[in-house]
Q: 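The structure that follows is given in the form of structure tokens.
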Protein chains: 2
Amino acid sequence: MFSISYLGNVMYKIGQLAKLEAISVEALRFYDQQGVLSPGHRAENGYRLYSEEDRKTLKFIQSAKNLGFTLAEIHELLDIKVDSRSHTCEEVKTIAEHKLQDIQERIRQLQRFETTLKKVVKTCCGGPESAEHCSILEAIEERVA
Amino acid sequence: MFSISYLGNVMYKIGQLAKLEAISVEALRFYDQQGVLSPGHRAENGYRLYSEEDRKTLKFIQSAKNLGFTLAEIHELLDIKVDSRSHTCEEVKTIAEHKLQDIQERIRQLQRFETTLKKVVKTCCGGPESAEHCSILEAIEERVA
DNA sequence: CTTGACCCTATATCTAACTATAGGGTTTAT
DNA sequence: ATAAACCCTATAGTTAGATATAGGGTCAAG
């Protein structure tokens, strides 16, 4: 297998980058289409050619996904990143704080579910008897939440 | 406005039930289509007629949704409920326990996001200075998660 | 007797982040 | 030279739980 180079820089074909960064080829094409990761160049045959810089951007995307950011939010972050001189720390921090609040709200909602579910599970015998008087079903009927 | 009755029992038209239980008419039709809440009868003109029992089932559905159950899971619970003699407490408890584990796993994932996001937010000055050396962007680049 | 409120079905649209498929060109290995 | 492996575009499908829309029937009031 040959390595591809453009203007003296190593370039990756889509399948190569996909393998390196443990992502599907389809997902990479999807990122291109969504504008979060468009390869800097195309070969003459139309193949996408990703640079080392593109690979770093992909790592950024994957890392941001690990923080719970959506692709739309990652798009925003990347827009700031590529022209960071025109943007401020405040903007970035605001985005991150909103995300944090969003996540915390989702945690609270899930914890409400958890609290009630735990209560309800505890009251149930869980035995082989008929569910006719099952305390879980009864609790739900009585609008437990 | 007249109240509708069938075999001596009060029945609700879809819009009436929707108003009483604070749900949209479309959602009720969707529940019917999904088989979680099919009105016991249809009027001669094709109108859905919901009984008091159907209304209780709707309350059950809404309550179960407040515990985080999906419609598919609620379908399962209702299947057990309508023929509770053929089912056991154990079955019901198992469903609830699985749901609890599911919710707890989702909480853990969100908490991982939260922990890292908090760290990252704290390191950022959030000031009006350019984002060129923004510690949040740098942290994401360095695969913070 | 017609207007507005209500009901019906069937189909499309929404969000998010892909995955899959169809149909076709390119490259690499044998 | 040909078959496998790889690339392309464009479009459709997936999940969940609805919401929206088109086109049409029903019903009660004035």
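Only this structure's heavy atoms are used, side chains among them; waters, hydrogens and symmetry mates stay out. Each chain gets a letter, A, B and so on, in the order the sequences are listed, and its residues count up from 1.
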Q: Does K13(B) make a cation-pi contact with Y50(B) (under 6.0 Å, within 45 degrees of the axis)?
A: no

Q: May I have the distance from Q33(B) (atom CD) to dG17(D) (atom P), rounded to whole angstrom?
A: 13 Å

Q: Nearest-Å distance, OH (Y50(B)) to P (dC6(C))?
A: 16 Å

Q: I23(A) has an atom CD1; how far is it from atom P of dT19(C), in whole Å?
A: 8 Å

Q: Less than 4.0 angstrom between a side-chain N/O of S24(B) and OP1 or OP2 of dA18(D), yes or no?
A: no

Q: Let me know the distance between CG of L49(B) and C1' of dC7(C), rounded to the nearest Å.
A: 11 Å

Q: Look at all strands and tell whether K65(A) reaches a base, only sugar-phosphate, or nothing, counting heavy atoms closer than 4.0 Å.
A: sugar-phosphate

Q: E44(A) CD to dC7(D) C1': how many Å, rounded?
A: 15 Å

Q: Name the closest nucleotide to the Y31(B) side chain, picking from dT19(C), dA18(D), dT19(D).
A: dA18(D)

Q: Between D54(A) and S51(A), is a side chain to side chain donor-acceptor pair (under 3.5 Å) present by the stated rule, with each step listed?
A: CA-CA 5 Å; D54(A) 292 331; S51(A) 67; 3.3 Å; yes

Q: Let me know, please, whether R29(B) or D32(A) comes out on the 5' side of the other along DNA chain D by nearest nucleotide.
A: D32(A)

Q: Checking contacts here: which listed nucleotide (dC7(C), dC7(D), dT19(C)) is nearest the side-chain heavy atoms of I14(A)?
A: dC7(D)

Q: Go through dT9(D), dC8(C), dC7(D) for me and flag the one nearest to the K13(A) side chain.
A: dC7(D)

Q: Can you tell which of dC8(D), dA18(D), dC18(C) lies closest to the side chain of F30(A)?
A: dC18(C)

Q: Can a donor-acceptor pair be found between the side chains of Q111(B) and R108(B) at a distance below 3.5 Å?
A: no

Q: What's the closest nucleotide to the side chain of R48(A) if the choices are dC8(D), dA18(D), dC7(C)?
A: dC8(D)

Q: Compare the minimum distances between each of dT26(C), dC18(C), dC27(D) and the side chain of Y47(A), then state the nucleotide with the smallest one.
A: dT26(C)

Q: Among dA18(D), dC7(C), dA17(C), which nucleotide sits nearest the side chain of T70(A)?
A: dA17(C)

Q: D32(B) and S38(B): which non-hydrogen atoms are nearest, and at how many Å?
A: OD1-OG, 2.9 Å

Q: Can you measure E26(B) atom CD to dT11(C) atom P for me and round it to whole angstrom units?
A: 18 Å

Q: Could you state the atom-to-atom distance from NE2 of H75(B) to P of dG17(D) in whole Å?
A: 12 Å

Q: Does N45(B) put a side-chain nitrogen or oxygen below 4.0 Å from OP1 or OP2 of dC27(D)?
A: yes

Q: Exactly one of K19(B), R48(B), E21(B), R55(B) should register a side-chain hydrogen bond (donor to acceptor under 3.5 Å, both in side chains) with Y12(B). Which one does?
A: R55(B)

Q: Just the rounded figure in Å: distance from P of dA18(D) to CD of Q34(B).
A: 9 Å

Q: Does a nitrogen or oxygen in the side chain of R42(B) sit under 4.0 Å from OP1 or OP2 of dT9(C)?
A: yes

